[in-house]
Amino acid sequence: DIIQQIIVYLNMHFMENPLLKEIAGQFHLNENYLCMLFKEQIGENYKSYLRSLKLNHAEKLIIYTNLPITEIAFSSGYNTLSHFNREFKSMFHITPLEMRKQANFSQ
């Protein structure tokens, strides 16, 4: 199934921020068709799915490593710390630093 192939690809390349247009081209699909197929089969749009991949990766690094937050942001595919912090807080309702403090208290 083409969507499963795309999911595997995204899990390996999310930190490179592949655009929907690039993925459509790589998998020889029309961009609008891919967008519709993605929403239909995954239940969310491409951009939201990619964002979730990046932020869930970051969450694991925050909880289970001592890497600096800036390094985690960049390794998760964010170009600026402020954008990372904004998106992280939007998804998890706490800042990356707050999450790290909570994780350290519970360990």
Side-chain angles (χ1 to χ4, degrees):
D1 177 49
I2 194 75
I3 291 296
Q4 289 307 314
Q5 292 174 33
I6 291 170
I7 296 298
V8 168
Y9 180 86
L10 289 176
N11 274 282
M12 293 170 35
H13 298 278
F14 65 86
M15 69 290 296
E16 299 161 19
N17 292 309
L19 299 173
L20 178 67
K21 180 179 181 176
E22 296 167 347
I23 297 296
Q26 186 166 340
F27 286 88
H28 311 290
L29 296 169
N30 172 287
E31 196 174 334
N32 291 329
Y33 177 69
L34 174 57
C35 193
M36 187 246 351
L37 201 60
F38 207 90
K39 178 78 170 169
E40 191 178 271
Q41 290 190 23
I42 303 301
E44 62 183 315
N45 67 39
Y46 175 84
K47 191 174 183 178
S48 296
Y49 182 81
L50 184 61
R51 179 178 174 254
S52 293
L53 278 179
K54 292 162 54 170
L55 291 173
N56 286 319
H57 171 76
E59 177 191 29
K60 288 180 184 99
L61 292 177
I62 287 167
I63 292 171
Y64 298 111
T65 74
N66 288 320
L67 291 170
I69 301 295
T70 304
E71 191 174 326
I72 291 171
F74 294 140
S75 75
S76 299
Y78 287 90
N79 296 324
T80 67
L81 186 58
S82 61
H83 185 219
F84 170 71
N85 283 330
R86 214 173 22 260
E87 291 218 329
F88 193 94
K89 187 164 185 177
S90 171
M91 183 167 170
F92 295 108
H93 308 291
I94 59 173
T95 67
L97 197 54
E98 289 169 339
M99 182 175 278
R100 172 155 287 160
K101 286 177 184 173
Q102 285 181 8
N104 287 336
F105 285 134
S106 66
Q107 290 176 358

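This structure is a prediction, so every number in the text was calculated from the model and none was measured. In what follows, residues are counted from 1 in the order of the sequence shown.
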For residues 56-63, run the donor-acceptor check on the side chains, cut-off 3.5 Å, and write out each pair with its distance to 0.1 Å, sequence neighbours left out.
from: N56; atom 1: ND2; to: S52; atom 2: O; distance (Å): 3.0

Please determine whether residues Y78 and F14 belong to a single hydrophobic cluster, defined as Ile, Leu, Val, Met, Phe, Trp and Tyr linked transitively by side-chain heavy-atom distances below 4.5 Å.
no
Here the salt bridge (charged side-chain N to carboxylate O under 4.0 Å, His left out) pairs for residues 76-95, sequence neighbours left out, are R51-E87
Can you give the donor-acceptor pairs under 3.5 Å from side chains of residues 28-38 to other protein atoms, not counting sequence neighbours?
from: N30; atom 1: OD1; to: N32; atom 2: N; distance (Å): 2.7
from: N30; atom 1: OD1; to: Y33; atom 2: N; distance (Å): 3.0

Do any N or O atoms from the side chain of R100 and from the backbone of T95 form a donor-acceptor pair under 3.5 angstrom? no
Legend entry - Non-hydrogen side-chain atoms of P18 and L10 separated by less than 4.5 Å: yes
Those residues at least two apart in sequence (or on a different chain) that pass side chain to side chain contact (heavy atoms under 4.5 Å, CB included) with T80 are S82, H83
Quick one, F27 and Y9 - any side-chain contact, counting heavy atoms below 4.5 Å?
yes
Sorted by chain and residue number, the side chain to side chain donor-acceptor pair (under 3.5 Å) partners of Q4 (sequence neighbours excluded) come out as none
Apart from L19 itself, its cluster of hydrophobic side chains linked below 4.5 Å comprises none
Applying ring pair (Phe, Tyr, Trp, His ring centres under 6.0 Å) to F74 and not counting sequence neighbours gives none
d(I23 CD1, Q26 CD) to nearest 0.5 Å is 5.5 Å
**Asked** I3 and Y46: same hydrophobic cluster, using ILVMFWY side-chain contacts below 4.5 Å?
**Response** yes
Heavy-atom side-chain proximity of F88 to L97 below 4.5 angstrom: no
- Message: Quick check on the hydrophobic clustering: are V8 and L53 connected, directly or via other members, by side-chain heavy-atom contacts under 4.5 Å?
- Response: no
T70 meets the side chain to side chain donor-acceptor pair (under 3.5 Å) criterion, sequence neighbours left out, with none
dist Y49:OH -> I7:CD1 (nearest 0.5 Å) comes out at 3.5 Å
For residues 39-49, the salt bridge (charged side-chain N to carboxylate O under 4.0 Å, His left out) pairs (sequence neighbours left out) are none
ask   = Quick one: do I94 and L67 end up in the same hydrophobic cluster if we chain Ile, Leu, Val, Met, Phe, Trp and Tyr together by side-chain heavy atoms under 4.5 Å apart?
value = yes
Within one Ile-Leu-Val-Met-Phe-Trp-Tyr cluster: I6 and M12, side-chain cutoff 4.5 Å: no
- Query: Can you find a heavy atom in the side chain of L50 that is under 4.5 Å from one in the side chain of L20?
  - Reply: no
Applying side chain to side chain donor-acceptor pair (under 3.5 Å) to N17 and not counting sequence neighbours gives K54
